[in-house]
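One structure is given here, and the rest of the page talks about it.
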There are 2 protein chains.
Amino acid sequence: MLQRIHRPGILSLALGLPAPSLFPSAGLAAAAAKVMAEEPLALQYRPTLEPLRRQVVALMARRGVTCVPEQVFLTAGGQQGMSLLTRLLLDPGGTVLVEDRVYSGFQQVLDPFQPKRLTVPAHPETGIDVDAVRVLLERGERPALLYTMSDGHNPLGVSMPLESRQRLVALAREHQLPIIEDDAYGLLQYEPQTLPALRGLEDRWVYYVGSFSKVLAPALRVGWVVVPEAMVGRLATVKEASDIDTTTFAQRVVLAFLESGGLPAHLEQLRAGYRERRDTLLAALERHLAPHGARWTKPACGMFVWVEFPDRVDTTVLLGRALEEVQVAFLPGQAFSVAGGRTASHGLRLNFSHAEPAVIEEAVSRLGRVLARS
Amino acid sequence: MLQRIHRPGILSLALGLPAPSLFPSAGLAAAAAKVMAEEPLALQYRPTLEPLRRQVVALMARRGVTCVPEQVFLTAGGQQGMSLLTRLLLDPGGTVLVEDRVYSGFQQVLDPFQPKRLTVPAHPETGIDVDAVRVLLERGERPALLYTMSDGHNPLGVSMPLESRQRLVALAREHQLPIIEDDAYGLLQYEPQTLPALRGLEDRWVYYVGSFSKVLAPALRVGWVVVPEAMVGRLATVKEASDIDTTTFAQRVVLAFLESGGLPAHLEQLRAGYRERRDTLLAALERHLAPHGARWTKPACGMFVWVEFPDRVDTTVLLGRALEEVQVAFLPGQAFSVAGGRTASHGLRLNFSHAEPAVIEEAVSRLGRVLARS
């Protein structure tokens, strides 16, 4: 997929990539140089990096989460966090509960387990349908885990209302249902008011997955999970077997960057930059796609807008035409739909973080041209 | 384990750590600075790093292996290479073939599969007992894989004779037995004559695992596997689900270091340094442990010497006494023994790469004192 979208000449709103122009390259370069110069054991096998766990604790306060360093486990990015947690929670052939549109990377995590997938609806306006979760649990289903995203949902862009969050964690407590909360985008907030992550409302049943990929840089491969303290040792054992549980050079670079105090200003810059791109995309949708019956929501967080079309538009077909006729890429709803779940063939996901605003406007305008010819 | 051995005041010959004084820190710092300054997309999600695959191909020639970039798959270190290969080759509850003393990290890879472990003897002088492998296969056993190390065996220190290599790969061909060849130490050769890796003798059934951890630095987490081209796509799918298959910043740093041409001189320096430490250890063993009936072999490669004692010495008991009475650490044979395999309770593994020569001499001298009091 990466290969195809990187084809020269394609205007892509397909992938969930950060904007390279907003990487804190100078700050990370200074951090890397400092680590090499000042940390004699930066390149050695070493136990987990305690000061980075403490920095994560401070960062979690921004998400309304109170935790201690002993509950933080450092990973090679958010994907590894989800993968390790799933290996601890799910047995082969077990049952999982997911929304009817799900980040494809989590589906890849699930595939080897060949689980039974129970689905509940998710709405671009209100997120996961908590009543549907309740009905499933009350009729006796006992899924090994529920996977969801409270803020900046991928692919729907939605952030859950407070009441949904409260009702969902209450159900988790009542039915002892582990929730994997994927919060890869949670620090990319564009509105003044933000709500606490699920982990901020429930610390026993919510396993929180965080990442520096979207707020610093993906190629560093640094993320974390926040879990009950007793689970950290089990995660260490699984990670040890996967790729050695050692402090990495990249973790030290991230720590040095955080210790330099550069993060708050960088986050402000990211938010301003991505807010502008989001608003560019929303205006372009109004101009070019509304006339064709498209509807969408305004995300308060993250990198994506979910667009829905009238029934006659199949977005997988539309993608083929967009690539061929106007060299534009996006991800069709089908890429996120779950076997057994509601089909997403009339929806598509647009990313607004990666392309420059002028490219966003041009790409959406071209999509409008394709739709006009339908 | 890492936590305990890092306790201050302990003279440790326990772990397989490189010598920090021999890290190419200046070269890697220059490489990191160059990447940050010159690679605009060094921090972004990117497809696999083709130039690094080509550098690996060149490096493999030193191990007698001819391959093409399409057969090279980049990993987050050797452990990840073994873990990904095992997930492709082994089903839960399947059968594996291992030596009776095995690197504990590979046993951790196996544990979640709860496999049936068939064992064959391994000798500190001659390595894996190929006749025993033949007998097992001829009586109809069909293991999903054989795991072994042709050079610088961990924990035995042995490098297989050429004839054993040839006979082993012939058996693999004849019985269609996949071999995972863990070559983490293969570039650390101390004698003028070296033999080709198993992958150099058989390119269909040998899956080669390489790593920069021991020759550059562990905290970079960069390694590779060499496999048939058809397997690379399947590895990419498994890695994608584990931790995203993207070029990492550390891979770019390794590439820049290799392109600077610094590796050959660095390898010479490592070999000279580790050869001196090996010889220091061997002389100390002669002086302090030979009087207590210890026997050992002279490794031509790697980081370890395997020492065997008369039956009355239990090395797990000896470790407890060594830690308490003289503050010396090593790994007892028990740490490498396989359920169902021959007990290794009279052997122990000593590392000679990590400690300075004077520390090696002092640690072995203290072990001699403990044995004298037995």
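The sequence lines fix the lettering, A, B, ..., with proteins before strands; numbering per chain opens at 1.
Among all heavy-atom pairs drawn from B/Thr237 and A/Gln108, the shortest one is O-NE2, 4.2 Å. Minimum heavy-atom separation, B/Ser25 to A/Leu43: OG-CD1, 3.8 Å. For the pair B/Tyr45 and A/Ser213, the tightest heavy-atom approach, listed with the atom from each and the gap, is OH-CB, 3.6 Å. Between B/Ala219 and A/Gln44, the shortest heavy-atom contact is CB-O, 3.8 Å.
Of the two parts of A/Ala42, only the backbone, made up of N, CA, C and O, holds a non-hydrogen atom closer than 4.5 Å to a non-hydrogen atom of chain B. In this structure, the portions of B/Thr248 lying under 4.5 Å from any heavy atom of chain A include both its backbone and its side chain. Proximity to chain A (any heavy atom under 4.5 Å) is shown, for B/Leu216, by neither the backbone nor the side chain. Contact of B/Lys239 with chain A is not made at all, since no heavy-atom distance falls under 4.5 Å. Neither the backbone nor the side chain of B/Ala37 comes within contact range of chain A, judged by heavy atoms closer than 4.5 Å. Neither the backbone nor the side chain of B/Ala33 comes within contact range of chain A; no heavy atom of the residue lies under 4.5 Å from a heavy atom of that chain.
Listed by chain and residue number, B/Glu39 satisfy the salt bridge (charged side-chain N to carboxylate O under 4.0 Å, His left out) test with B/Arg252 (two or more places apart in sequence, or in another chain). Residues that satisfy the ring-ring contact (aromatic ring centres under 6.0 Å, His included) test with A/Phe212, not counting sequence neighbours, are A/Trp224.
Residues B/Arg221 and A/Ile244 meet the side-chain proximity criterion, which asks for heavy atoms closer than 4.5 Å. In this structure the side chain of B/Leu41 reaches within 4.5 angstrom of the side chain of A/Pro20, judged on heavy atoms.
For the options B/Pro112, B/Gly16, B/Ser242, B/Ser104, heavy-atom pairs under 4.5 Å to chain A are most numerous at B/Ser242. Of the residues considered (B/Pro218, B/Ser83, B/Ala217), B/Pro218 shows the highest number of contacts with chain A, using heavy-atom pairs under 4.5 Å.
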